[in-house]
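Throughout, residue positions are numbered sequentially from 1 according to the sequence presented. Start at 1 and go down the list; that is how both ligands and their atoms are numbered. Quick caveat, the model's predicted, so the values are computed rather than measured.
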Amino acid sequence: MNENWWKESVVYQIYPRSFMDSNGDGIGDLQGIISKLDYLKKLGIDVIWLSPVYKSPNDDNGYDISDYQDIMDEFGTMADWEELLKEVHNRGMKLIMDLVVNHSSDEHPWFIEAKKSPDNPYRDYYIWRQGKDGKEPTNWYSNFGGSAWEYDEQSKQYYLHLFSKKQPDLNWRNPSLREDIYKMMKWWLDKGIDGFRMDVINFISKPDVFVDGEPKEGKKYASGSPFYRNGPHIHDYLQEMNEKVLSQYDVMTVGEMPGVTPELAQLYTAEDRKELNMVFQFEHMGLDNGPNGKWDLKPLNLVDLKANLTKWQKALEQQGWNSLYFNNHDQPRSVTRFGNDKEYRKESAKMLATVLHMMKGTPYVYQGEELGMTNIQYPTIDDYKDIEILNFYREMKAEGVPEAEIMASIYAKGRDNSRTPMQWNREKNGGFTTGTPWMKVNPNYVDINAEEALNDENSVYYYYQKLIQLRKTHEVILHGDYELLHEEHPDLFVYKRILNEETLLVICNFAELEVFFDCPVELKNRNSELLITNYESKNTDLSSTMNLAPYEAKVFLVK
Ligand code: NOJ
């Protein structure tokens, strides 16, 4: 691999709490992950991204860190982590860690100090403000509901928390804070990790002055996101981090960036600007949001999805780099969301993977996606664990929204959809734990599980394996130019990738019906090879009209 190994890699995200439990306490752990590394190697992935495994009171499942340089008790010890890194490297894979430095836990020693008094040396590691007219300093809401400010009785000031009140935002204006973070990053890099996924990293530069947002009708709080996303010093901080830390190692970085536009992503990822390698953009994940945000359900319009992904492909074609994803621990399962998780579960899971994996960029696979795992519908709120879901439920109840309406939103968009335990086999709890799982396993584990997939040559798992192999054998998938065809077609997602004499033709049917497809004339009479399809029929004739089955996907290499 060359210096841009991360451009040629496929990343697999592990959400440790729900991956594999080795000691029967019902919570996934590091030894559990080690026991499944061969499963990942066989899939063909190159890089593992570990969601946070640091010490944490788990208000937000590890995204609230109380010690950046230690391991959460439930997950194991530092020795287990060292063993994991060694075993990952022994198999020729790489490991990237989650870097959560927009905020810490309120149980982090920095915050405990900061709270002691306004002249404590750590006070300025966080963001404190006086109230305004007996109220919060601004009317911003937190991303998990309620105000983004929490009052501190002792000092009579408020601190900012863009997420839960147990996740106070760090003050990046403070140079000592930045130095401490860089030191901590180096400590992990010196242990030999291969990079970082950076949590909401475009939130770290807060505005110079804090001003109110515009509340939606009838609402008390407003979004502050226009003020804190991509803030005034964000590029300075990332360039400083790059210069002082990242540039000294051969690592990959991906910044999670809600609200990033293609223009900004060019700035964040252009090589000569020395910031990050790639970003996670959110625009395509918002296409099925109504005007009131993610819980406001709206069907996906395929034409919008095509236009959006195409815009991103084109924007980062010459400089910068895309990350490609439909799933992660914050998103519902894509097969339920964009496909059909009943009679066409396997077909649609494979089709969605095809659309993504044949694009230019680094693909990310989220645990269980390779099995076509689906959303969950727990009968009542009591089985849910996610702080965002629980707060949303409480707020909607207080507003008098009917139960069924609230649950419909949670079923469609709740983050717990992707956090149910991995389904390894048909044994009790899907083989995830011998104890009581921290979160109930999706009952469909009896049919959908890794063991079944490994025994079925037509499984979603083997299809992902093949997509990953294709990326490694055809340069056109890595570097070909992208061109969308049939942009207004309501059911088909068709695109070309072109490199020198070779054209990759990707044809995906998003409909539950048969759809006809006519190949563009310029490709009709050339030599073509069918690289992959999710149906039995191996029709390779591009010269006449093709009849695509529900959710059919076909990829041709035309020479
Ligand atoms: C984004 C993470 O992906 C999400 O899980 C978390 O709740 C927030 N950032 C806060 O850290």
Within 4.0 Å of some non-hydrogen atom of His103, the atoms of ligand 1 are 10 (C), 11 (O)
Within 45° of the ring axis of Trp187 and under 6.0 Å from its six-membered ring centre, is that where the NZ or CZ of Lys191 lies? yes
With a cut-off of 4.0 Å, which atoms of ligand 1 are near a heavy atom of Glu256? 1 (C), 3 (O), 9 (N)
Donor-acceptor pair between Asp98 and Trp49 side chains, under 3.5 angstrom: yes
Ignoring hydrogens and geometry beyond distance, is a side-chain donor-acceptor pair present between Arg273 and Gln266 at under 3.5 Å? no
Separation of Gln167 CD from Ile387 CD1 (nearest 0.5 Å): 6.5 Å
So which heavy atom in the protein is nearest atom 7 (O) of ligand 1, and how far is it from that ligand atom? Asp60 OD2, 2.5 Å
Using a 3.5 Å distance criterion without hydrogens, assess whether the side chain of Asp64 forms a donor-acceptor pair with backbone atoms of Asp60. yes
Taking atom 11 (O) of ligand 1 as the point of reference, which of Asp98, Asn328, Asp199, Asp330 owns the nearest heavy atom? Asp199
Winner among Phe280, Tyr15, Phe163 once heavy atoms are compared against atom 8 (C) of ligand 1: Phe163
If we number the atoms of ligand 1 from 1 as shown, the ones under 4.0 Å from a heavy atom of Arg415 are 4 (C), 5 (O), 6 (C), 7 (O)
Contact between ligand 1 and Gln331 is defined here as a heavy atom of the residue under 4.0 Å from a ligand atom; is it met? no
Is the backbone N or O of Lys55 less than 3.5 Å from a side-chain atom of Ser66, with the two atoms forming a donor-acceptor pair by type? yes
Would you say Asp169's side chain and His103's backbone share a donor-acceptor pair under 3.5 angstrom? no
Met198, portion touching ligand 1 at heavy-atom distance under 4.0 Å: neither
Counting heavy atoms only, which part of Arg419 comes closer than 4.0 Å to ligand 1: side chain, backbone, both or neither? side chain
Please work out, at 4.0 Å between heavy atoms, whether the side chain, the backbone, both, or neither of Phe144 comes within that distance of ligand 1. side chain
